[in-house]
Amino acid sequence: MTEIVLPAADYDLAATLSSGQAFRWNLRGDGWESAIGNQWVRLQPGIDGIHATTWPEVREWDWLRHYLQSDLKLETVLETFPKDPPMQASVQACRGLRLLRQDPWECLASFILSSTKQIVQIRQICETLCLRFGHPISQSDGAVPIHTFPSAPAIAARSEAELRDCKMGFRAPSLLHAARAVCDGSLQLAELGGLPLAQARSELCRLRGVGPKIADCVLLFAYGFPQAFPVDVWIQKAIQKLYFKGRRVRPDRMDRFVRSHFGPHSGYAQQYLFHYMRTLHPDSRGTKSGATVPTSDPAPRLSHAN
DNA sequence: TGCCAGGGCTGGG
DNA sequence: CCCAGCCATGGC
C-alpha cells in the first residue's frame, strides 16, 4: 500500500466520480474505490487535496494525476463558458465537477455498453464483465475484491454468447467487434489522440454500434478533446428546454448550436449541464412542467452560417 | 404495468 | 433530410 495527497483545489470528487463518465467507482465509507489499470485505488476528499491509497505499491503518481486531471486549473475552463443563465446555474450548482482522462479501451467498451441503458445498469453490466473476464486485484486487507477491466484481447477471446450472458443484450456483437478491431490493428486507439477531432470521430464511428454520441463520449472522457460534445437524451432535452423554449431541435441544428454556443471547452460545459439537470431533476425526464430552471430567454440567433 | 434508459442501424417516405 | 421500428434488459 502507498499513500499520497494530491494537491487539488476546486475538485468535487463525488460529483466527478458519479457523473456518468466512469462507471466503476464505488463509495465505501467516506472514500471511493475502483481499479485504474492494474492498480487498486481508494480516493478520499480532504482539505489539502485528494488522499489516494493504492495497492500494490507505486513510486510515482503521474498516472493518477493524469487520470484525475488534478493539475488542471478549473477556473481557466469555467471562465470560457457562455455567461448565460443555464450555464451560470450549472456552475453554481456543480462547481468542482471535473472531466477525467480514462483509458481509451475501457471507455470505448463501457460506452458501447451504455446505449439505451440507465447509468445504474451500465454499472451493473461493467461489473459483471470485470468479474468474469478481468482479473482480481487483492488489496492486502480488503474485504471486497476488485477486478481489472478486461483488455481487448480478453474480450476478443470470448464468444458472443458469453458476452450476452453478462446481460448486455444486443450490444454484445458490437463489443466483440470493437475488441477484434483493436486486436487486429484495424482500430489504433493509441493514434486517435493525435488526429483532428473530426477525423478521430470518424475513425471511432467505423465501429458497429458506435455513432456520434458514443464516439464523443470516448473522445471527451478518454482523450480530452475539449470540443467533443456528446448529445444524449438528457442533453437533448436540457438544451431544448433551456435554450429553445422547449421546442424540438433537429440533430443538424443541435450540432450547429452546440459548436457555436459553448466555446472552446464545450465538452466541459456539456458535463456541467448534464450533471446539473440530472441531479436537479432525477425523475422528471421530458416532463414540461415544474422545472425552476433558469432559461436563456431569447432563442439564440444563428444568423450567420457555419 | 408500461415507459424509458448517457443509441445506432435499417428501411421507408 | 426525416421518421418509425427494432434491438435486450431492468429500474422505477
Side-chain angles (χ1 to χ4, degrees), chain A residues 15-25 90 94 97-100 102 106-129 132 159-178 181 187 201-223 225 228-242 247-256 258 262 266-288 305:
Chain A
T16 301
L17 300 180
S18 69
S19 63
Q21 48 181 319
F23 302 103
R24 299 225 306 132
W25 287 97
S90 299
C94 310
L97 174 64
R98 301 288 194 125
L99 287 180
L100 302 168
Q102 302 176 57
E106 176 171 347
C107 191
L108 172 61
S110 299
F111 278 97
I112 284 174
L113 300 177
S114 76
S115 72
T116 23
K117 281 289 183 193
Q118 298 181 126
I119 288 175
V120 276
Q121 263 180 301
I122 303 168
R123 293 172 55 84
Q124 182 58 50
I125 296 171
C126 287
E127 186 179 353
T128 304
L129 195 67
R132 297 194 181 173
S159 69
E160 182 183 322
E162 287 178 293
L163 297 180
R164 276 186 187 269
D165 200 42
C166 298
K167 309 303 180 189
M168 64 182 72
F170 61 84
R171 303 158 195 83
S174 299
L175 180 61
L176 195 52
H177 176 250
L187 174 64
R201 184 182 284 140
S202 66
E203 276 297 297
L204 287 172
C205 287
R206 290 192 300 123
L207 296 171
R208 258 192 318 207
V210 177
K213 189 272 175 182
I214 290 175
D216 274 30
C217 284
V218 177
L219 295 172
L220 184 63
F221 302 141
Y223 292 93
F225 280 91
F229 197 107
V231 178
D232 73 321
V233 292
W234 279 91
I235 287 291
Q236 174 82 29
K237 287 171 184 169
I239 289 181
Q240 284 172 187
K241 177 184 197 123
L242 301 176
R247 294 188 22 95
R248 263 193 68 195
V249 181
R250 288 126 141 66
D252 186 36
R253 184 169 180 201
M254 175 67 70
D255 207 48
R256 280 184 287 131
V258 301
F262 290 101
S266 53
Y268 236 104
Q270 173 276 153
Q271 195 65 8
Y272 269 77
L273 266 183
F274 178 79
H275 194 247
Y276 174 58
M277 295 302 288
R278 218 171 63 88
T279 53
L280 190 63
H281 303 291
D283 52 2
S284 82
R285 283 177 285 277
T287 19
K288 55 285 145 212

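In what follows, chains are A, B, ... by sequence order, proteins preceding strands, each numbered from 1.
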Contacts of A:Ala109 that satisfy side-chain contact (heavy atoms from CB on, under 4.5 Å) - sequence neighbours left out
A:Trp105, A:Phe149, A:Leu175
For A:Phe262, the ring pair (Phe, Tyr, Trp, His ring centres under 6.0 Å) test, sequence neighbours excluded, returns A:Phe229, A:Tyr243, A:Phe257
Rounded to the nearest Å, what distance is computed from the CZ atom of residue A:Arg171 to the C1' atom of nucleotide B:dC9?
14 Å
Nearest to side-chain heavy atoms of A:Phe170, which nucleotide of B:dG7, B:dG6, C:dG10
B:dG7
Rounded to whole angstrom, note down the P distance from B:dT10 over to C:dA8.
15 Å
Taking any heavy-atom pair under 4.0 Å as a contact, classify A:Gln236: base, sugar-phosphate, or nothing.
nothing
N/O donor-acceptor pair, side chain A:Gln124 with base C:dG11, under 3.5 angstrom
no
Which nucleotide, C:dT9, B:dG6, B:dG7, lies nearest any side-chain atom of A:Lys117?
C:dT9
Of B:dG8, B:dA5, B:dG7, the nucleotide closest to the side chain of A:Gln121 is B:dA5
B:dC3 versus C:dA4 - spacing of their P atoms, nearest Å
16 Å
Measuring from A:Leu163:CG to A:Thr128:OG1, what's the distance to the nearest 0.5 Å?
12.0 Å
Figure out the CD1/C1' separation between A:Ile125 and C:dA8, and round it to whole Å.
9 Å
Quick one: stems for DNA chain C, with Watson-Crick or G-U pairs under 3.5 Å, at least three in a row?
B:2-5 with C:9-12, B:7-13 with C:1-7
Mind checking what makes side chain to side chain donor-acceptor pair (under 3.5 Å) contact with A:Glu203, not counting sequence neighbours?
A:Arg206
Looking at residues at least two apart in the chain, or sitting in another chain, which of them share a salt bridge (Lys or Arg N to Asp or Glu O under 4.0 Å) with A:Arg208?
none
A:Ser19 and side-chain hydrogen bond (donor to acceptor under 3.5 Å, both in side chains): which partner among A:Arg278, A:Gln271, A:His275?
A:Gln271
Taking side-chain contact (heavy atoms from CB on, under 4.5 Å) as the definition, give me every residue that meets it alongside A:Glu162, ordered by chain and number, with sequence neighbours left out.
A:Phe133, A:Arg158, A:Ser159
Taking atom C1' in both B:dG6 and C:dC3, what distance in whole Å separates the two?
22 Å
On DNA chain B, compare the nucleotides closest to A:Val231 and A:Leu207; which residue's is nearer the 5' end?
A:Val231
Does the A:Thr16 side chain pair with the main chain of A:Arg98, one donor and one acceptor, at a distance under 3.5 Å?
yes
B:dA5 phosphate, OP1 or OP2: any side-chain N/O from A:Lys237 under 4.0 angstrom?
yes
Taken in chain and number order and not counting sequence neighbours, the residues that satisfy salt bridge (Lys or Arg N to Asp or Glu O under 4.0 Å) with A:Glu127 are none
Identify whether any heavy atom of A:Lys167 sits under 4.0 Å from a base atom; if not, whether one sits that close to sugar-phosphate; answer base, sugar-phosphate or nothing.
sugar-phosphate
Heavy-atom contacts under 4.0 Å between residues 107-116 of chain A and DNA chain B, which residues?
A:Ser114, A:Ser115, A:Thr116
Mind checking if A:Phe23 touches a base, just sugar-phosphate, or nothing, with heavy atoms under 4.0 Å?
nothing
Just to verify, what does A:Ala222 make a side-chain contact (heavy atoms from CB on, under 4.5 Å) with, not counting sequence neighbours?
A:Pro104, A:Cys107, A:Val218
Could you tell me how far apart A:Ile235 (CD1) and B:dG7 (C1') are, to the nearest whole angstrom?
15 Å
Starting at CG of A:Leu163 and ending at P of C:dT9, how long is that distance when rounded to a whole Å?
13 Å
Atom CD of A:Gln118 and atom P of C:dC12 are separated, to the nearest Å, by 7 Å
Any protein N or O atoms within reach of nucleotides 1-4 of chain C? Criterion: under 3.5 Å, listing atom names and distances.
residue: C:dC3; atom: OP1; partner: A:Arg248; partner atom: NH1; Å: 3.0
residue: C:dC3; atom: OP1; partner: A:Arg248; partner atom: NH2; Å: 3.1
residue: C:dC3; atom: OP1; partner: A:Arg250; partner atom: NH1; Å: 3.4
residue: C:dC3; atom: OP2; partner: A:Arg248; partner atom: NH2; Å: 3.1

Please state how far atom NZ in A:Lys213 lies from atom C1' in B:dG8, giving the value in whole angstrom units.
12 Å
Can you tell me which nucleotide in B:dG6, B:dA5, B:dG8 comes closest to the side chain of A:Pro230?
B:dG6
For A:Ile122, all residues meeting side-chain contact (heavy atoms from CB on, under 4.5 Å), sequence neighbours excluded
A:Phe23, A:Ser114, A:Lys117, A:Cys126
Rounded to whole Å, CG of A:Leu176 lies from P of C:dC7 at a distance of 20 Å
Using a heavy-atom cut-off of under 4.0 Å over every strand shown, decide if A:Gly209 touches base, sugar-phosphate, or nothing.
sugar-phosphate
Short side-chain N/O contact to C:dA8 OP1/OP2 from A:Arg164, under 4.0 Å:
yes
Just how far, in rounded Å, is P of B:dC4 from CZ of A:Arg278?
18 Å
State the CG-CD distance between A:Leu113 and A:Gln121, to the nearest 0.5 angstrom.
11.5 Å
Those residues at least two apart in sequence (or on a different chain) that pass salt bridge (Lys or Arg N to Asp or Glu O under 4.0 Å) with A:Arg123 are none
